[in-house]
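Values in this document were obtained by computation on a predicted structure and should not be read as measured data.
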Amino acid sequence: MDRWDRAGRVAAYGAALALTPYLLIKASWVVGSLVGLLPVGAGFGMTEWVVLNSATIGMAGIGIAVALALVRPWGMRVPGAPLAFCAWVGAGFLVPVLPYAVLSSLLGSADGDAKGGDDADPSMPVWEAVLVQTGFVGMGLGLAIALPTYARRRWPDAFVGRLGDHGEGGPRALPWMTVVGAAVGLVWLYWAVGGTAGVAHRDERGTGWYALSATFGFWALAASLATWAAVRGRPARLPRWVPMALGWLGSGSLFAWSGWKLPLTLYLAIA
């Protein structure tokens with residue numbers, strides 16, 4: 001076991017440990033509200049509150065299982081596709097927003113935006129808010145270290161060679177996903193610098209929203225550029241793992257946050 005594997009081992013166990021309090025807190029919210037010991041969150045009915053928090057309980061459970069799979073021997077035997085998908089979504093949720101999450105924690109200004117708004121309950125005790133934020137930051141940092149060390153063991157070919165090792169590159173036409181990703185990224189950056197087209201309730205957008213818009217815009221563009229580089233095989237001397245890592249995180253961020261926000265947006269539009 002080399003130093004990278006040792007670091008990944010510590011990071012994986014740390015990620016699972018960091019997210020456990022979040023899972024327990026959410027479970028207590030669901031049970032407490034059902035038996036009448038805890039209030040339902042402001043703006044929610046009982047059904048909406050239970051469904052939303054049950055979903056996050058499931059997500060936290062999957063995240064803990066993925067973290068353990070990255071370090072335990074059985075993790076090398078589980079099917080690669082579902083494990084990679086869950087790790088892709090989890091990393092997409094947490095790793096790209098780590099700078100925002102750390103900064104907002106240090107400044108004491110975490111307002112729930114980075115978590116999709118489901119934990120922004122003014123009645124939440126300070127200690128719960130600290131545990132929730134620590135769980136997200138710890139899981140994100142853990143995945144950022146443990147996931148590459150796991151992938152290096154299981155799929156070593158992804159970490160060797162350069163983009164130009166296999167000839168003159170791919171087709172000249174831009175892959176459609178790079179165009180879509182770039183368009184989405186430019187829209188996010190337009191909002192980050194103060195653009196108002198398409199923004200509802202503009203007066204309610206705080207500094208955190210603009211910072212997150214810039215973050216999402218950056219990662220969308222990073223995913224687009226990384227995909228273009230991987231398909232075209234350029235620049236030829238660039239190590240293959242660089243666009244793969246950027247594409248993994250950027251595309252995961254787009255998928256994870258869109259998959260989380262779209263159902264909520266549709267529900268609010270209907271309700």
Side-chain angles (χ1 to χ4, degrees), residues 1-12 15 63 66-67 69-71 73 75-99 139-186 188-189 215-259:
M1 181 182 294
D2 62 18
R3 60 193 179 98
W4 290 112
D5 288 329
R6 287 193 292 269
R9 183 181 183 87
V10 173
V66 167
L70 298 180
V71 67
M76 298 295 288
R77 299 190 298 269
V78 299
L83 177 61
F85 176 77
C86 292
W88 176 59
V89 173
F93 261 125
L94 298 174
V95 177
V97 297
L98 272 178
M139 187 66 177
L141 288 173
L143 284 177
I145 299 172
L147 187 55
T149 62
Y150 174 88
R152 191 169 66 106
R153 295 194 307 272
R154 186 158 185 175
W155 301 290
D157 290 345
F159 292 83
V160 297
R162 300 181 184 276
L163 289 182
D165 288 349
H166 300 290
E168 296 298 326
R172 294 182 178 275
L174 285 176
W176 65 268
M177 69 284 294
T178 65
V179 177
V180 174
V184 172
L186 291 174
W188 277 113
L189 292 180
T215 299
F216 293 144
F218 166 80
W219 282 106
L221 290 179
S224 298
L225 290 174
T227 303
W228 177 88
V231 171
R232 299 294 297 273
R234 299 175 184 175
R237 300 299 298 168
L238 184 69
R240 186 181 295 120
W241 67 266
V242 174
M244 291 195 66
L246 291 175
W248 174 278
L249 290 174
S251 61
S253 175
L254 281 170
F255 179 85
W257 284 102
S258 297

Subject >> F216 side chain reached by V97 side chain, heavy atoms, under 4.5 Å >> reply: yes

Subject >> Nearest atoms (heavy-atom pairs only) where A220 meets L254 >> reply: CB-CD2, 3.9 Å

Original post:
OG1/T227 to CE/M244 distance, rounded to the nearest 0.5 angstrom?
Top reply: 10.5 Å

Subject >> Heavy-atom pair with the smallest gap, counting every atom of A91 and W248 >> reply: CB-NE1, 3.9 Å

Subject >> Side-chain heavy atoms of W4 within contact of P148, under 4.5 Å >> reply: no

Original post:
Could you state the interatomic distance from CG (D5) to CZ (R152), rounded to the nearest 0.5 Å?
Top reply: 5.5 Å

**OP:** Take atom CH2 of W155 as the centre, draw a 6.0 Å sphere, and report whether it contains more than 12 heavy atoms from other residues, nucleotides or ligands.
**Re:** yes

Original post:
How far apart are the closest heavy atoms of A226 and G247, and which atoms are they?
Top reply: CB-N, 3.5 Å

Original post:
Which residues satisfy the ring-ring contact (aromatic ring centres under 6.0 Å, His included) test with W241, sequence neighbours excluded?
Top reply: none

Subject >> Spacing of W219 atom CH2 and L246 atom CG [to the nearest 0.5 Å] >> reply: 5.5 Å

**OP:** Kindly say whether T178 contributes a backbone atom to a donor-acceptor pair with the side chain of S224 at under 3.5 angstrom?
**Re:** yes

Original post:
Between F93 and W257, what is the ring plane arrangement, given parallel below 30°, perpendicular above 60°, and tilted in between?
Top reply: perpendicular

**OP:** Please report the shortest heavy-atom distance between L189 and F218, naming the atom on each side.
**Re:** CD2-N, 4.1 Å

Subject >> For Y150 against G75, the heavy-atom pair lying closest together >> reply: OH-O, 2.6 Å

Original post:
Atom CE in M76, atom CG in L83: separation rounded to 0.5 Å?
Top reply: 10.0 Å

**OP:** State, to 0.1 Å, how close P243 and A229 come at their nearest heavy-atom pair, and which atoms those are.
**Re:** CB-CB, 4.4 Å

**OP:** Could you grab the distance from atom CG of L70 to atom CZ of R153, nearest 0.5 Å is fine?
**Re:** 8.0 Å

**OP:** For the pair T149 (side chain) and A146 (backbone), establish whether a donor and an acceptor sit closer than 3.5 Å, ignoring hydrogens and angles.
**Re:** yes

